[in-house]
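Beneath this line is the structure, given in structure tokens, with notes to follow.
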Amino acid sequence: TVIVQVSETVLRRIREECGFCCYNTRYGHSVRLVNRPLRLSFCREQIEADNQFIHHVFTDECSVQLSANNRFVFCLRGDVERRVKSVHKNPVRVMIWGGISWRGATPLIMFDAGTKINSSTYQGMIESGYKEWSRRKFGDHATLIQDNAPAHKAERTKEYFEREGIKYIRRVQSQMRKVVEAEGAPVHD
């Protein structure tokens with residue numbers, strides 16, 4: 001085995017010759033380029049309709065990594081949309097569910113990262129974190145806004161919402177899809 005010492009200057013030159021640049025890591029939820037005009041259009045429609053979402057509760061679940069990432073990433077030159085972050089091999093993760101509304105935030109519910117979010121698990125989240133909270137804050141006037149995750153649109157979940165009297169809307173994605181399809185444009189997701 002031969003060990004060769006390579007200086008940082010040589011590594012930098014090789015990366016540059018391959019077309020990679022060093023960027024600061026970007027954090028936060030990113031909307032894909034194809035969905036940006038659709039979301040902007042939906043937002044403009046809601047502003048024009050003077051919809052202030054006063055009785056709506058926006059909820060979602062997310063996996064959160066508890067260990068730190070590197071500050072810098074390397075991407076192909078000009079590809080600033082995908083700043084690939086280096087991660088630990090086995091990062092500590094936790095699944096969190098919560099919601100926000102005009103009248104405050106729901107309680108947070110935490111699960112192990114390996115938890116499978118199926119219809120039963122999702123109904124348990126709604127039962128323990130949303131139902132009583134929404135009745136205290138909104139009475140019978142709350143509308144749950146959720147995305148199109150399989151657990152959210154499962155028949156058992158729909159039956160549960162109907163049985164419990166929970167009003168819900170699957171998030172703007174389905175509404176945006178209807179607008180785009182009505183205009184005859186292809187839908188990319």
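Values below: all heavy atoms of this structure, side chains included; hydrogens, waters and symmetry mates excluded. Index from 1, following the sequence.
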Counting C-beta onward and ignoring hydrogens, is there a side-chain heavy-atom pair between [X] and [Y] closer than 4.5 Å?
{"X": "Lys116", "Y": "Thr121", "result": "no"}
{"X": "Ser101", "Y": "Trp133", "result": "yes"}
{"X": "Tyr122", "Y": "Gln146", "result": "yes"}
{"X": "Ser120", "Y": "Arg156", "result": "yes"}
{"X": "Leu144", "Y": "Ile126", "result": "yes"}
{"X": "Phe53", "Y": "Thr143", "result": "no"}
{"X": "Ile96", "Y": "Glu61", "result": "no"}

More than 12 heavy atoms from other groups under 6.0 Å of CD on Glu17: yes

Over 12 foreign heavy atoms within 6.0 Å of CZ, Arg163: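 Yes.
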
Thr59 and Val57: CA distance, side-chain angles, deciding distance, side chain to side chain contact (heavy atoms under 4.5 Å, CB included) verdict: CA-CA 6 Å; Thr59 63; Val57 183; 3.9 Å; yes

Donor-acceptor pair, distance only, cut-off 3.5 Å: does the side chain of [X] make one with the backbone of [Y]?
{"X": "Ser41", "Y": "Pro37", "result": "no"}
{"X": "His141", "Y": "His55", "result": "no"}
{"X": "Thr157", "Y": "Ala151", "result": "yes"}

Can you name the residues that form a salt bridge (Lys or Arg N to Asp or Glu O under 4.0 Å) with [X], not counting sequence neighbours?
{"X": "Glu155", "value": "Lys158"}
{"X": "Glu127", "value": "Lys131"}
{"X": "Glu159", "value": "none"}

[X] side, atom [atom1]; [Y] side, atom [atom2] - distance, nearest 0.5 Å:
{"X": "Asp147", "Y": "Phe58", "atom1": "CG", "atom2": "CZ", "answer": "12.0 Å"}
{"X": "Ile117", "Y": "Thr115", "atom1": "CD1", "atom2": "OG1", "answer": "6.0 Å"}
{"X": "Tyr130", "Y": "Glu164", "atom1": "OH", "atom2": "CD", "answer": "12.0 Å"}
{"X": "Ile145", "Y": "Lys167", "atom1": "CD1", "atom2": "NZ", "answer": "10.5 Å"}
{"X": "Ser134", "Y": "His56", "atom1": "OG", "atom2": "NE2", "answer": "13.0 Å"}

Shared hydrophobic cluster for Met95 and Leu108 (ILVMFWY, side-chain gaps under 4.5 Å): no

Smallest separation among heavy atoms of Met125 and Ile109, with atom names: O-CD1, 3.4 Å

Partners meeting ring pair (Phe, Tyr, Trp, His ring centres under 6.0 Å) with Tyr160 (sequence neighbours left out): none

Residues forming a ring pair (Phe, Tyr, Trp, His ring centres under 6.0 Å) with Phe111, sequence neighbours excluded: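 None.
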
Whichever hydrophobic residues join Trp102 through chains of side-chain contacts under 4.5 Å: Ile54

